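Take a look at the structure set out below.
Not measured: the values here are computed from a predicted model. The chains referred to below are lettered A, B, ... by the order of the sequence lines, with proteins before strands, and numbering in each begins at 1.
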2 protein chains.
Amino acid sequence: MASRTAGKDHTDRAAAPPGTAAAAGGGEAPVPQRLMAAATRLFAERGYDRTSVQEIVEAAGVTKGALYHYFGSKDDLLHEIYGRLLRLQQERLDRVADSGSGVEERVRAAAADVVVTTIENLDDAMIFFRSMHQLSDEKQKQVRAERRRYHERFRALVEEGQRAGVFTDETPADLVVDYHFGSVHHLSSWYRPDGRLTPQQVADHLAGLLMRALRP
Amino acid sequence: MASRTAGKDHTDRAAAPPGTAAAAGGGEAPVPQRLMAAATRLFAERGYDRTSVQEIVEAAGVTKGALYHYFGSKDDLLHEIYGRLLRLQQERLDRVADSGSGVEERVRAAAADVVVTTIENLDDAMIFFRSMHQLSDEKQKQVRAERRRYHERFRALVEEGQRAGVFTDETPADLVVDYHFGSVHHLSSWYRPDGRLTPQQVADHLAGLLMRALRP
DNA sequence: GGCGACATACCGACTGGTTAGTCTGCCGGG
DNA sequence: CCCGGCAGACTAACCAGTCGGTATGTCGCC
């Protein structure tokens with residue numbers, strides 16, 4: 001059931017002259033953003049392959065002409081979504097990692113932070129893990145490379161802690177990172193915004209599990 | 001509409017091939033199994049929606065007539081793959097849970113076992129978490145119900161340990177289970193059979209992480 | 001031990017429907 | 001008067017599922 005928000009969403013202003021945009025509401029977001037938002041919602045809801053560009057443009061209240069004016073292909077739209085999430089998370093990880101606190105605190109903060117931002121962008125995250133393989137090979141390579149940067153920065157933190165002796169080195173840092181990201185990845189399969197735990201609570205629990213697993 | 005497979009269960013059981021099969025060469029598996037194997041490989045490789053029925057039947061060396069003789073729809077093929085993995089893992093979990101060992105040992109064994117069987121059926125596992133949402137609503141509900149049974153059995157084990165005081169109860173058992181299964185699902189994104197760790201080694205590491213996270 | 005009747009297993013051309021992407025053209029503002 | 005921004009009809013490709021047809025096997029019966 002397409003949740004078309006029957007009230008507010010005036011997708012089709014009928015014969016409203018496009019030129020007089022600012023007429024009354026001025027609030028309408030620019031077309032490219034509307035397309036991205038519609039695509040994100042639909043990709044998360046039905047999957048990339050099951051969403052036709054016709055549906056996207058209808059949800060955004062425009063036509064194909066508009067979409068292909070701003071984006072090169074359907075694939076491009078997906079790639080943009082990836083870029084948005086990756087940039088956000090990388091930036092936040094860098095900030096945490098560069099903070100001056102102790103290793104233990106930096107790892108805990110990074111682990112919790114990625115959980116919170118994932119939950120706050122659950123649609124993006126779901127698309128990320130589900131639709132990676134529908135990207136063209138070239139774009140897929142690019143995404144994987146950025147992903148690896150993130151992964152390696154995180155791993156370096158864990159290794160630092162292991163060398164310093166505040167973490168056990170029973171388990172290779174690589175595996176530790178994959179272990180934690182697995183649970184992050186899985187969030188979109190079970191977390192429901194209307195559940196009993198807030199994003200921060202979930203993040204604290206998951207970061208807590210990781211920290212306990214790393215205890216020497 | 002009427003599914004021609006109605007009730008029939010032709011999974012990997014070594015059912016006697018109807019007459020002809022064996023011929024001279026001797027190696028050829030029966031057609032339904034060949035179709036399942038081809039579909040599994042292709043779904044894992046290119047995704048469900050990107051795999052055409054034509055490609056499946058070509059890979060299996062038959063034609064559409066054969067496929068629709070044994071399966072009601074493309075969707076059915078996918079459902080069978082899910083059933084195969086779910087039955088296998090449920091059976092193994094039940095066996096571990098019913099063994100007489102201590103809670104700690106049962107949880108460790110269950111946690112490690114699911115890792116090993118997931119790696120040993122990596123294609124199935126990849127299809128599982130990537131293509132769930134392409135199943136018809138009805139079949140999806142069924143799969144989710146079976147999945148929940150598994151999840152709850154595992155959770156009960158963790159809770160038992162928490163009540164007995166051998167595990168910390170800082171984190172709700174539900175979250176613990178999702179934490180671990182997250183990493184299991186994630187396996188198909190990073191594990192490579194030609195890597196340096198054997199399935200058993202990975203399983204021991206991941207189970208070890210879980211057990212340490214649960215230590216009081 | 002031959003014959004018809006029916007069943008199983010499969011073939012492959014065909015249909016009806018869908019889709020990403022293209023292209024021509026309108027429209028208003030600078 | 002020209003150009004960015006967009007409309008929407010159009011096309012060429014594809015694809016799941018259907019259906020009539022064929023080959024082979026099996027069973028009952030004389």
Side-chain angles (χ1 to χ4, degrees), chain A residues 10-23 28-36 38-39 42-43 46-80 131 134-136 139, chain B residues 1-10 15-24 28-36 38-39 42-43 46-80 131 134-136 139:
Chain A
H10 43 104
T11 48
D12 194 0
R13 219 62 183 84
T20 45
E28 289 287 334
V31 170
Q33 274 89 323
R34 263 156 58 207
L35 283 165
M36 282 284 286
L42 288 167
F43 289 167
R46 304 127 104 109
Y48 178 80
D49 279 324
R50 301 265 169 123
T51 303
S52 70
V53 316
Q54 193 57 45
E55 290 172 315
I56 297 171
V57 298
E58 267 162 30
V62 293
T63 64
K64 285 191 174 189
L67 194 154
Y68 284 98
H69 180 73
Y70 291 109
F71 299 90
S73 63
K74 188 185 173 187
D75 191 81
D76 257 20
L77 230 25
L78 186 57
H79 190 224
E80 262 305 308
S131 304
Q134 345 250 35
L135 270 178
S136 71
K139 295 203 183 86
Chain B
M1 235 141 270
S3 165
R4 290 174 194 112
T5 35
K8 226 82 211 274
D9 190 274
H10 41 68
T20 52
E28 292 290 325
V31 170
Q33 274 88 328
R34 262 155 59 207
L35 283 165
M36 283 284 285
L42 289 167
F43 289 166
R46 305 128 104 109
Y48 179 79
D49 280 323
R50 301 265 170 121
T51 304
S52 72
V53 169
Q54 194 56 46
E55 289 173 316
I56 298 171
V57 298
E58 267 163 31
V62 294
T63 63
K64 284 192 178 187
L67 193 153
Y68 285 98
H69 180 72
Y70 291 109
F71 299 92
S73 62
K74 186 185 174 188
D75 193 81
D76 256 19
L77 229 27
L78 186 57
H79 191 223
E80 262 306 309
S131 303
Q134 345 249 37
L135 270 178
S136 71
K139 295 202 183 87

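One atom, CG of B:Leu67, and another, P of D:dC19, lie 16 Å apart when rounded to the nearest Å. Across the protein-nucleic acid pair, B:Glu58 atom CD and D:dA16 atom C1' stand 15 Å apart, rounded to whole Å. Atom CG of B:Leu35 is separated from atom C1' of C:dA9 by 12 Å (rounded to the nearest Å). Separating the CG atom of B:Leu42 from the P atom of D:dC15 is a distance of 13 Å, rounded to the nearest angstrom.
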For residues 50-57 of chain B, which side-chain donor-acceptor pairs fall under 3.5 Å, sequence neighbours excluded?
residue : atom : partner  : partner atom : Å
B:Arg50 : NE   : A:Asp49  : OD1          : 3.2
B:Arg50 : NE   : A:Asp49  : OD2          : 3.3
B:Arg50 : NH2  : A:Asp49  : OD1          : 3.2
B:Arg50 : NH2  : A:Gln134 : O            : 3.4
B:Thr51 : OG1  : B:Leu42  : O            : 3.4
B:Thr51 : OG1  : B:Gly47  : O            : 2.7
B:Ser52 : OG   : B:Glu55  : N            : 3.2
B:Gln54 : NE2  : B:Glu58  : OE2          : 3.2
B:Glu55 : OE1  : B:Ser52  : N            : 2.9
B:Glu55 : OE2  : B:Arg46  : NH2          : 2.5

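Annotation: side-chain hydrogen bond (donor to acceptor under 3.5 Å, both in side chains) contacts of A:Gln33 (sequence neighbours excluded): none. Applying the side-chain hydrogen bond (donor to acceptor under 3.5 Å, both in side chains) test to A:Lys74 and every residue at least two apart in sequence or in another chain returns nothing. Scanning for side-chain hydrogen bond (donor to acceptor under 3.5 Å, both in side chains) contacts around A:Glu80 gives an empty result, with sequence neighbours left out. Evaluation of the side-chain hydrogen bond (donor to acceptor under 3.5 Å, both in side chains) rule for B:Lys64 yields no partner, not counting sequence neighbours.
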Below 3.5 Å is the cut-off: list the nitrogen or oxygen pairs between protein and nucleotides 16-20 of chain C, distance only.
residue : atom : partner : partner atom : Å
C:dA20  : OP1  : A:Thr51 : O            : 3.4
C:dA20  : OP1  : A:Lys74 : NZ           : 2.9
C:dA20  : OP2  : A:Val53 : N            : 3.0
C:dA20  : N7   : A:Lys64 : NZ           : 3.0

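Between the CG atom of A:Leu67 and the CZ atom of A:Arg34 there is a distance of 12.0 Å, given to the nearest 0.5 Å.
The nucleotide whose nearest atom lies closest to any side-chain atom of A:His69 is, among D:dG8, C:dT8, D:dG5, D:dG5.
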